[in-house]
Amino acid sequence: MSNRILVTPPGPKAKAILERDSKVLSPSYARDYGFVMDHGKGAQVWDVDGNRYVDFCAGIAVNATGHAHPEIVKAIQDQAEKYIHISSDFYHELMVRVAERINEIAPMQEDVTVFLANSGTESVEAALKLARYATGRRQFIGFLGAFHGRSMGSLSFTASKARQQERFFPTMPGVWHVPFPDPYRPLFPIPQNGDEGDAVVNYIENILFATALPPDEVAAILVEPIQGEGGYIVPPKNFFPRLRALCDKHGILLISDEVQAGVGRTGKWWAIQHDQVEPDIICIAKGIASGIPMGAMAARKSIGAKWKPGAHGNTYGGNPIACVSALKTLELVEREYMQNAATQGAYIFDALAEMQSRHPSIGDVRGRGLMVGVEFVADRATKEPARELRNRIIHRCFETGLLMLGCGQSTIRFCPPLMIERALVDEGLEIFERAMSEVEQN
Ligand SMILES: *Cc1c(COP(=O)(O)O)cnc(C)c1O
């Protein structure tokens with residue numbers, strides 16, 4: 001597996017494309033480094049200058065089945081020859097099959113109704129509109145550090161970087177942000193016999209509801225089962241059961257945004273299943289169709305069936321190419337890759353925890369399955385975030401043949417394709433540790 005890096009990236013061909021990109025593409029795209037894709041295979045990608053990289057990003061946790069999986073490619077090709085589009089004003093069986101599949105695997109006992117969209121933010125918008133419609137209530141609770149998308153409704157919940165909000169207010173009114181329980185950086189005193197999850201739910205109940213927000217005006221709580229963009233933060237074990245009980249008590253819907261954590265990435269179909277809690281609505285996107293844009297919102301039938309024809313819709317939702325890609329992705333994830341995510345994820349977690357003992361700049365290692373975060377700190381005692389160091393490690397990985405992405409203040413995320421094999425995991429971890437050592441030393 002030599003010949004990873006032939007020319008220091010970005011090489012001449014990449015540079016030429018970056019130059020053209022900067023002239024015509026929106027400067028709003030936030031890129032950390034100049035990787036210019038040529039092609040990919042499994043969990044490896046090649047840039048336009050011929051450099052080979054191990055892919056620990058899968059886009060942004062999207063390419064569940066890896067790049068150019070032959071069964072996905074074949075499914076897309078076959079479907080393209082039959083028909084590429086018939087809008088959702090008509091019927092086709094693939095849409096039905098995707099919804100039937102989601103109904104089979106959804107984390108609710110009750111059957112679900114499914115709305116198909118084209119992205120994460122659209123699946124969140126659908127959930128918000130349904131929550132308002134079904135409950136007749138107007139207020140919502142979201143979490144600091146959350147990411148739910150960039151359109152005006154979902155953006156009103158997004159709170160992982162102030163830059164995402166800057167100059168866009170007012171967004172949707174009625175969204176109340178509360179802290180997300182972070183076991184590494186607890187904000188509240190931990191109650192006796194409890195954890196940070198109890199503390200946050202107590203805060204909602206005893207402070208927010210008692211002083212500012214009447215609970216019977218709250219339509220839903222929108223929450224990520226593991227915070228993604230916010231730093232791959234796994235909530236403590238009491239959080240979801242307590243949140244569910246709070247929702248039940250006040251007739252509030254619980255929406256689990258599984259856009260990043262769902263579809264097998266954590267080793268279960270849905271990340272909230274680790275907490276043994278049933279949501280009322282789930283939002284799905286990223287991993288579901290191996291990179292063909294698709295989003296989905298699945299709601300318990302007693303809620304979802306309240307919508308009348310025309311209450312919500314779109315042109316492209318349930319696109320046939322996206323549907324065949326989703327069906328094949330779900331089949332592969334079920335057959336093999338969900339288990340692989342659990343196995344390789346545990347292996348990565350252990351390897352990183354061991355690195356933590358050698359590298360004092362690692363403050364915390366956390367995650368589930370192939371959703372693992374490493375948080376960097378300037379000092380383990382003060383936990384001061386080491387943002388610059390984190391950025392330099394990511395950049396050094398890029399120069400030496402590994403694609404990585406940051407999240408949160410000073411975390412690096414590990415979210416490779418779910419199909420990644422052990423040899424590439426080892427190769428990637430080795431590049432990562434070497435990059436970390438080099439950056440730590442100067
Ligand atoms: C990425 C993401 C979204 C938004 O998805 P887009 O497809 O970019 O609109 C929503 N929620 C979560 C948890 C995400 O990670």
Side-chain angles (χ1 to χ4, degrees), residues 26 28-31 57-64 107 115-129 131 140 142-161 163-165 168 171-172 175 177 180 220-235 240 254-266 269-272 274-275 279 281-298 314 316-317 319 322 325-326 329 367-373 405-408 411 413-416 418:
S26 166
S28 66
Y29 292 110
R31 276 90 163 238
C57 304
I60 310 175
V62 169
N63 298 92
F115 180 85
L116 294 176
N118 313 286
S119 63
T121 197
E122 287 172 72
S123 67
V124 172
E125 297 290 336
L128 299 177
K129 285 179 72 177
F140 289 89
F143 292 86
L144 295 171
F147 188 90
H148 298 287
R150 308 278 199 157
S151 49
M152 280 295 181
S154 66
L155 179 64
S156 57
F157 290 83
T158 287
S160 61
K161 290 192 188 84
R163 170 63 59 84
Q164 294 152 345
Q165 300 289 345
F168 296 127
T171 49
M172 189 180 97
V175 179
H177 284 95
F180 189 80
I221 297 179
L222 173 60
V223 61
E224 292 162 275
I226 296 175
Q227 269 197 344
E229 304 303 303
Y232 275 29
I233 299 168
V234 184
F240 273 102
L254 183 62
I255 306 172
S256 181
D257 180 347
E258 299 269 352
V259 167
Q260 189 155 170
V263 199
R265 175 154 294 281
T266 65
W269 276 120
W270 313 107
I272 199 168
H274 293 277
D275 298 288
I281 299 176
I282 53 171
C283 302
I284 313 169
K286 292 195 167 89
I288 193 173
S290 291
I292 304 284
M294 175 175 262
M297 184 274 294
N314 56 24
Y316 288 117
N319 170 273
S325 191
T329 301
R368 284 192 163 125
L370 284 176
M371 188 169 186
V372 180
L405 284 171
C407 58
T411 298
R413 65 178 115 183
F414 291 67
C415 53
L418 307 189

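Remember, it's 1-based here, ligands and their atoms both numbered in the order they're listed. All values below come from the heavy atoms of this structure, side chains included, with hydrogens, waters and symmetry mates left out.
For a threshold of 3.5 Å applied to N or O pairs, the pair formed by Asp257 and ligand 1 contains at least one separation below that value.
Ligand 1 places these atoms under 4.0 Å from at least one heavy atom of Glu224: 13 (C). Short contacts between ligand 1 and Ser119, defined as distances under 4.0 Å to a heavy atom of the residue, involve ligand atoms 7 (O), 9 (O). For ligand 1, the atoms sitting less than 4.0 Å from at least one non-hydrogen atom of Phe147 are 1 (C), 2 (C), 3 (C), 4 (C), 11 (N), 12 (C), 13 (C), 14 (C), numbered in the order shown with element in parentheses.
Of the protein's non-hydrogen atoms, Thr121 N, 2.8 Å is the one closest to atom 9 (O) of ligand 1. For atom 5 (O) of ligand 1, the closest non-hydrogen atom on the protein side is Gly120 CA, 3.2 Å.
At a heavy-atom cutoff of 4.0 Å, ligand 1 is contacted by the side chain of Lys286 but not by its backbone. In Ala285, neither the side chain nor the backbone holds a heavy atom less than 4.0 Å from any atom of ligand 1.
Residues satisfying the side chain to side chain contact (heavy atoms under 4.5 Å, CB included) criterion with Ser26, sequence neighbours excluded, are Ser28, Tyr29. With sequence neighbours excluded, the residues forming a side chain to side chain contact (heavy atoms under 4.5 Å, CB included) with Leu405 are Cys57, Ile60, Arg413, listed by chain and number.
Counting all heavy atoms, side chain and backbone alike, Asp257 lies closest to Pro225 at O-CD, 3.1 Å. The shortest non-hydrogen separation linking Ala322 to Pro293 is CB-O, 3.6 Å.
A distance-only check finds no donor-acceptor pair linking the side chain of Ser256 to the backbone of Ile282 [under 3.5 Å].
One side chain, Thr121 or Ser151, offers a donor N or O that lies under 3.5 Å from an acceptor on the other.
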